[in-house]
Asks: 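I have a structure here, written as structure tokens, and I will follow up with some questions on it.
Heavy atoms only: backbone and side chains are in, while hydrogens, waters and symmetry mates are out.
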Protein chains: 2
Amino acid sequence: MAKHHSHQDCDVCPTRAQNPVCSVDGALSRVQDVRTTSRYSAGQVIFYAGNDPLGLFTVQTGLVKLEALSPEGDAHTLRLMGPGCILGYRALFASEPYRATAIAVEDSQLCFIPKTEMLKVFEEFPAVAMNLAKQLSVDLRRAEEKWVQQIDHQAPSRIAEALLFLTDHFSTQSWTRREIAEWAGTTPETVMRTLSTYEKQGLIALDGKSIRILSRPSLSEKAHRT
Amino acid sequence: MAKHHSHQDCDVCPTRAQNPVCSVDGALSRVQDVRTTSRYSAGQVIFYAGNDPLGLFTVQTGLVKLEALSPEGDAHTLRLMGPGCILGYRALFASEPYRATAIAVEDSQLCFIPKTEMLKVFEEFPAVAMNLAKQLSVDLRRAEEKWVQQIDHQAPSRIAEALLFLTDHFSTQSWTRREIAEWAGTTPETVMRTLSTYEKQGLIALDGKSIRILSRPSLSEKAHRT
DNA sequence: CGTGTTATTGAAGTGTATCAAATTGCGTGG
DNA sequence: CCACGCAATTTGATACACTTCAATAACACG
């Protein structure tokens, strides 16, 4: 409900440099006056699967997840986007509706650029499109890797990998068993049992809901075994 | 061994129109004199995972698979490319080594354009890069869908989906149990058992190695159930 | 201070991988 | 052209990892 819209100076935007759009010479000023800032509280939806793309979002602060919901109702986390990451480019390039729902994991501030403006930017600054194509290529590699891992590695292995990935990339976040399960392609119960095992083995320390990693190497070892 | 290189007129190329590169005005003539044609027999490798990208391939005739090999030695088919499809763009855009090995499924003829030339083409004809970005976007959707299906759907369901997809897109090919398994993320034995069941139910007909689909609707129904 | 969510562990059920063995089919070379 | 060998097919038996269901405990929240 608390969704504020406002204009704000790109000069003070902390994500300007590492952003695939704004880091391109000239593109920033082109985009400056057509953009909007929106705030979302944790749990709020940014866009829904099935809808047509509106434009491009950039995460300025906070954390956003792309989640696919199965007909039976269980969620799967496809991608996670922190500050500097773009949101909505896949649907835009493919001219397809969104295939997943974007949800704020924690309180987040996003920057929005309408679709029609973005198409103009692509024409004026091909480097922007190239940057996004590079991002798509990395996303594709990760997605295909994830499928392969889902087949080759057992749940404990995938959970170890999830722990490493999530703490590596989003260390501030305190992840719930459910969130880890939705990322690792398993259930909260299996995550729990695995965490208990890893705790007994001294790889991690559990204190209530918080998980502290004691031995990255050993966890990494688990992640790479079947 | 029987790998022939030759120059050949793009005018007679059957895949020119639906090809993301050559269909762009002007790009064809730009590419015409830097391209090469290569022939591969079924089973031959076009490039290996781990190597740096050489350039872009186009499938003119035949069928090529992108396959990831697990450390334990079992293969997974990531993507399949028929006539008109491009090969090697993900690694090129990402500036990464190939993550998968490309193998000719049947005797195939490919067109090759070196990396340095492609980069020039991207600058001269941004529409080419846009077309490939669109392709990447579709690939990404499919890859993410595949991961979700791997979790949500049981083997019989995924096999039904595989049968439909493979016959839809590559109807000429006669698929082995192993190839279906590598696409569906399961084992040849499970594919076999499932095929037997589907035959008993009258959904398909098995005659030796050949599989004939008797009821697409019923198979589709199976594919969408858990 | 309840109420709903998360954590935690147990017990049961089952889908599917794995191993094994027999049969069929196919390509290759003698 | 046949015979051989190797790969693909087919079916059975076994094992087990993981989901599912369930029940309690700890916690966060308005």
Side-chain angles (χ1 to χ4, degrees), chain A residues 1-2 41-43 70 72-76 103 105-107 148-160 162-163 173-200 204-212 222 225-226, chain B residues 1-2 41-44 70 72-76 105-107 148-160 162-163 173-200 204-212 222 225-226:
Chain A
M1 28 207 44
S41 320
S70 82
E72 301 82 47
D74 25 62
H76 308 291
I103 303 176
V105 177
E106 51 182 46
D107 294 359
V148 169
Q149 305 268 316
Q150 186 75 33
I151 301 169
D152 287 338
H153 293 330
Q154 322 234 93
S157 170
R158 301 199 307 271
I159 290 164
L163 286 175
Q173 188 68 13
S174 162
W175 300 96
T176 67
R177 321 303 195 227
R178 172 169 301 280
E179 284 167 334
I180 295 170
E182 288 171 359
W183 179 258
T186 180
T187 60
E189 291 95 328
T190 297
V191 169
M192 185 59 225
R193 285 181 235 274
T194 303
L195 290 180
S196 297
T197 305
Y198 286 166
E199 187 187 31
K200 282 196 197 73
I204 60 173
L206 296 178
D207 178 25
K209 323 199 142 190
S210 92
I211 305 165
R212 199 154 37 87
K222 299 270 184 189
R225 302 268 145 262
T226 150
Chain B
M1 31 211 50
S41 321
Q44 287 188 327
S70 83
E72 300 83 46
D74 25 62
H76 308 292
V105 177
E106 51 183 46
D107 293 359
V148 169
Q149 305 268 315
Q150 187 76 32
I151 301 168
D152 286 338
H153 292 335
Q154 322 233 95
S157 170
R158 302 199 308 272
I159 290 163
L163 286 175
Q173 187 68 12
S174 162
W175 300 96
T176 67
R177 321 301 194 230
R178 172 169 300 280
E179 284 168 334
I180 296 170
E182 286 172 0
W183 179 257
T186 180
T187 60
E189 292 95 326
T190 297
V191 169
M192 185 60 224
R193 284 181 234 274
T194 303
L195 290 180
S196 296
T197 305
Y198 287 166
E199 186 186 32
K200 283 198 197 71
I204 60 174
L206 295 179
D207 178 25
K209 322 199 143 190
S210 91
I211 304 165
R212 199 153 37 85
K222 298 270 184 192
R225 300 269 145 261
T226 154

Asks: Counting only pairs under 3.5 Å, give me each side-chain donor-acceptor contact of residues 183-192 of chain A, with atom names and distances, residues two or more places apart or in other chains.
Replies:
from     : atom 1 : to       : atom 2 : distance (Å)
A/Thr187 : OG1    : A/Thr190 : N      : 3.3
A/Thr187 : OG1    : A/Thr190 : OG1    : 3.1

Asks: Using whole Å, report how far CD1 of A/Ile204 lies from C1' of C/dA7.
Replies: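 In whole Å, C/dA7 C1' lies 13 Å from A/Ile204 CD1.
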Asks: Could you give the NZ-to-P distance, from A/Lys209 to C/dA7, as a whole number of Å?
Replies: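 After rounding, the reported distance stands at 5 Å.
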Asks: Please state how far atom CD in A/Gln150 lies from atom P in D/dT19, giving the value in whole angstrom units.
Replies: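 To the nearest whole Å, that distance equals 9 Å.
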Asks: Report yes if a side-chain nitrogen or oxygen of B/Arg177 is closer than 4.0 Å to either non-bridging phosphate oxygen (OP1 or OP2) of D/dT10; otherwise report no.
Replies: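 The answer is yes; a side-chain N or O of B/Arg177 sits under 4.0 Å from OP1 or OP2.
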Asks: Side-chain donor or acceptor of B/Arg193 under 3.5 Å from a matching atom on the base of C/dG15?
Replies: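 There is none.
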Asks: Less than 4.5 Å apart, side chain to side chain, heavy atoms only: is that true for B/Arg212 and B/Asp207?
Replies: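 B/Arg212 vs B/Asp207: side chains apart.
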Asks: Out of D/dA17, C/dG15, C/dA7, which has the shortest distance to the side chain of B/Gln154?
Replies: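 The nucleotide sitting nearest to the side chain is C/dG15.
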Asks: With respect to the phosphate group of D/dT11, does any side-chain polar atom (N or O) of B/Ser196 fall under 4.0 Å of OP1 or OP2?
Replies: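 It does, given that an N or O in the side chain of B/Ser196 lies less than 4.0 Å from OP1 or OP2 of D/dT11.
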Asks: With sequence neighbours excluded, what pairs up with B/Asp74 under the side-chain hydrogen bond (donor to acceptor under 3.5 Å, both in side chains) test?
Replies: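 For B/Asp74, the residues satisfying side-chain hydrogen bond (donor to acceptor under 3.5 Å, both in side chains) (neighbours in sequence not counted) are B/Ser70.
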Asks: Round to the nearest Å and state the distance from B/Trp175 atom CH2 to D/dA8 atom P.
Replies: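 Roughly 15 Å, once rounded to whole Å.
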Asks: For the pair made of CG in A/Leu195 and C1' in C/dA7, what is the distance, rounded to whole Å?
Replies: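 Those two atoms, CG and C1', are 11 Å apart.
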Asks: Kindly give the heavy-atom pair with the smallest separation between A/Ser157 and A/Tyr198, and that separation in Å.
Replies: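 Reported closest heavy-atom pair: N-OH, 4.1 Å.
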Asks: B/Arg178: what forms a salt bridge (Lys or Arg N to Asp or Glu O under 4.0 Å) with it, not counting sequence neighbours?
Replies: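 Checked B/Arg178 against salt bridge (Lys or Arg N to Asp or Glu O under 4.0 Å); zero matches.
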Asks: In whole Å, I'd like the distance from the CG atom of A/Asp74 to the C1' atom of D/dT20.
Replies: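 The answer, rounded to whole Å, is 12 Å.
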Asks: How long is the line joining CD1 of B/Ile180 and C1' of C/dT16, in whole Å?
Replies: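 Going from B/Ile180 (CD1) to C/dT16 (C1'), I get 17 Å.
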Asks: Which angle, to the nearest 10 degrees, lies between the helix axes at the two ends of the helix from C/dC1-D/dG30 to C/dG30-D/dC1, each defined by five pairs?
Replies: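 Overall, the helix from C/dC1-D/dG30 to C/dG30-D/dC1 bends by 50° from one end axis to the other.
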Asks: Give me the distances for all protein-to-nucleotides 2-4 of chain C N/O pairs that come in under 3.5 Å?
Replies:
none

Asks: Show the nearest heavy-atom pair for residues B/Trp175 and B/Ile211, with the distance to one decimal.
Replies: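 That closest heavy-atom pairing would be O-CD1, 4.3 Å.
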Asks: Quick one: B/Ile151 CD1 to C/dG15 C1', roughly how many Å, whole number?
Replies: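 It is 16 Å, rounded to the nearest whole Å.
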Asks: Tell me, which of residues 184-192 of chain A have any heavy atom that sits under 4.0 Å from an atom in DNA chain C?
Replies: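 Nucleic-acid contacts, sorted: A/Glu189, A/Met192.
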